[in-house]
Each structure stands twice: as structure tokens, then as C-alpha cells.
Amino acid sequence: MATFELIQGDITTIAVDAIVNAANSSLQGGGGVDGAIHRAAGPGLLAECFQMNGCPTGEARLTGGYDLPAKFVIHAVGPRWRGGNHGEVGLLAATYRSALALAKECDVRSIAFPAISCGIYGYPVEEAARVAVDTVRKHAAGMPELERGIFVCFDEKTYEAYDVALNTAE
Ligand code: ADP
């Protein structure tokens with residue numbers, strides 16, 4: 001049974017089996033956490049991503065971690081917030097489930113998530129935190145090999161939203 005932790009910091013510094021990237025569907029790099037991951041991983045990561053044919057919203061793709069302390073990067077494409085009536089909740093939950101399904105295939109024992117969709121994609125952080133925590137907890141129950149799940153929040157506002165979600169969800 002996995003334990004879940006919340007930290008405020010930079011996901012590129014975390015030594016876990018896999019870190020999740022909040023990627024865009026081109027998988028060709030971007031701003032925010034995506035840019036930070038590519039900078040820290042080095043050019044090999046972008047070269048591997050270039051060989052893929054992008055990734056639809058709600059899905060995820062696996063690469064190596066290159067110069068990162070993490071063995072793998074799971075590039076997960078969350079939805080852009082468009083007011084809340086465009087399937088955003090379902091798509092965000094699907095994004096986390098897709099990331100975890102890849103983690104399971106690779107027998108990942110520790111995984112770190114950023115706040116997918118909460119930056120450039122504009123998803124309200126309190127709602128996104130609830131979806132993230134509930135979905136990961138539920139899905140991780142079927143992953144006996146998973147020992148640690150870490151939610152990595154870059155700023156204090158995000159940290160506070162996750163703190164509430166972690167301490168109020170079942
Ligand atoms: P999206 O396009 O999915 O919204 P962003 O990268 O813009 O993705 O933002 C997702 C979240 O990642 C935001 O909460 C942002 O503050 C955070 N973030 C940005 N850089 C890092 C980093 N180095 N480590 C962890 N989280 C980060």
C-alpha cells in the first residue's frame with residue numbers, strides 16, 4: 001500500500017523511479033514544468049520525444065530520465081481549463097490514470113506528480129488537487145508494487161490546496 005507525501009519544490013530534483021511531466025500534446029517541450037524537466041534531463045529527452053507522434057489529452061507516454069535523478073519520465077497531457085463544462089474533470093482524472101497505468105507496466109515503486117493543468121492550462125487549483133488526490137489514491141490501491149506517491153507543488157498556493165485535498169479525501 002503506497003503512502004502519499006506532499007512537498008513544495010522542484011520536481012526535477014526528486015529521486016524517484018518516475019516523475020510525471022505536465023506535457024502538451026506535441027511532446028516537443030514547452031514552458032512551466034515541461035521546460036524545467038527538459039532543461040534538467042538534457043537533449044536526449046527531447047530527441048526521444050521527437051520520435052513519438054505526440055500524445056492526445058488524457059493520455060501519457062513513457063521515456064527515459066536521462067540526466068534527471070528519476071529513471072523514467074511519464075509525459076502526461078492534461079486538459080486545458082475551458083470553464084468546466086468541457087469534460088475537464090474526466091480528462092484530468094484520465095490523465096492521472098494513464099500516467100499510473102504506465103508506471104504499473106514498469107513496476108515503478110515511487111512516483112512524483114506535478115499539479116497537472118494548474119499552470120499554463122489554467123485549471124483551478126483546489127478542484128485539480130481534489131481530482132489528482134482522489135484519482136491517484138483510488139488507482140494506486142490496485143498497484144501493490146507502488147510504495148511512494150509524491151505530490152510536488154511548486155508554490156505555496158498549490159501546496160495549500162493539495163494539503164486540503166489530502167487531508168479531506170477518503
Ligand atoms: P500545464 O500546462 O499542465 O498547466 P504547467 O507546467 O504550466 O503545466 O504547470 C503545472 C504546474 O507545475 C503548476 O502548478 C506549476 O507551478 C508547476 N511547476 C512549474 N515548474 C515546476 C517544477 N520545476 N517542479 C514542479 N512543479 C512545477
Side-chain angles (χ1 to χ4, degrees), residues 4-46 49 52 54-84 86-100 102-103 108 110-136 148-166:
F4 294 99
E5 298 160 44
L6 179 59
I7 65 167
Q8 190 177 342
D10 178 355
I11 202 167
T12 66
T13 65
I14 297 183
V16 279
D17 289 343
I19 63 168
V20 176
N21 181 15
N24 60 55
S25 54
S26 77
L27 296 186
Q28 310 212 334
V33 70
D34 195 2
I37 288 172
H38 278 281
R39 277 193 300 278
L45 179 61
L46 196 59
C49 287
M52 295 182 196
C55 175
T57 302
E59 294 188 17
R61 299 287 183 267
L62 184 90
T63 66
Y66 297 88
D67 295 342
L68 291 162
K71 223 182 292 171
F72 301 113
V73 180
I74 295 173
H75 305 265
V77 183
R80 202 180 279 277
W81 181 257
R82 293 164 62 206
H86 292 83
E88 290 94 333
V89 174
L91 284 168
L92 188 60
T95 306
Y96 281 97
R97 281 197 303 272
S98 301
L100 285 167
L102 285 178
V108 159
S110 53
I111 187 166
F113 295 92
I116 297 172
S117 291
C118 291
I120 298 158
Y121 280 4
Y123 208 117
V125 67
E126 285 80 8
E127 293 174 38
R130 212 172 310 123
V131 173
V133 167
D134 287 353
T135 307
V136 171
R148 274 179 91 196
I150 307 173
F151 295 102
V152 184
C153 301
F154 203 50
D155 56 52
E156 201 165 330
K157 179 172 178 273
T158 309
Y159 182 94
E160 280 164 13
Y162 270 79
D163 196 28
V164 170
L166 272 166

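Computed from heavy atoms alone, side chains included, the values below leave out hydrogens, waters and symmetry copies. Every value quoted in this text rests on a predicted model; they were computed, and no experiment measured them. In listed order, ligands and their atoms are each counted from 1.
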Can you name the one residue among L45, L102, N24 that meets side-chain contact (heavy atoms from CB on, under 4.5 Å) with H75?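 Of the listed residues L45, L102, N24, the side-chain contact (heavy atoms from CB on, under 4.5 Å) partner of H75 is L45.
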For [atom], closest protein heavy-atom neighbour:
atom	result
atom 24 (N) of ligand 1	I11 N, 3.0 Å
atom 15 (C) of ligand 1	F154 CB, 4.4 Å
atom 11 (C) of ligand 1	A115 O, 3.3 Å
atom 8 (O) of ligand 1	A22 CB, 3.7 Å
atom 7 (O) of ligand 1	I120 N, 2.8 Å
atom 3 (O) of ligand 1	S117 N, 2.9 Å

Out of curiosity, is G78 lining ligand 1, as in a heavy atom under 4.0 Å away?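 It does not; every heavy atom stays at 4.0 Å or beyond.
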Kindly give the heavy-atom pair with the smallest separation between [X] and [Y], and that separation in Å.
X	Y	answer
P56	R61	CD-NH2, 3.5 Å
A112	I14	CB-CG2, 4.4 Å
Y123	A128	CD2-CB, 3.6 Å
D34	N21	OD1-ND2, 2.8 Å

Residue selection (non-hydrogen contact nearest atom 23 (N) of ligand 1) among V33, D155, D10: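 Comparing heavy atoms across V33, D155, D10, the nearest one to atom 23 (N) of ligand 1 lies in D10.
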Can you find an N or O of Y121 that's nearer than 3.5 Å to an N or O of ligand 1?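 There is such a contact, yes.
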Validation row: F154, P114 side chains within 4.5 angstrom (heavy atoms):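 Result no, sub-4.5 Å side-chain heavy-atom pair not found.
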Give the atoms of ligand 1, by number and element, whose distance to some non-hydrogen atom of [X] is under 4.0 Å.
X	result
A36	23 (N)
G9	24 (N), 25 (C)
C118	4 (O), 14 (O)

Using a 3.5 Å distance criterion without hydrogens, assess whether the side chain of T12 forms a donor-acceptor pair with backbone atoms of I37.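 Not confirmed, T12 side chain does not pair with I37 backbone.
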With ring pair (Phe, Tyr, Trp, His ring centres under 6.0 Å) as the test, pick out the partner of Y162 among F4, F151, F113.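 Only one option passes, and that is F151.
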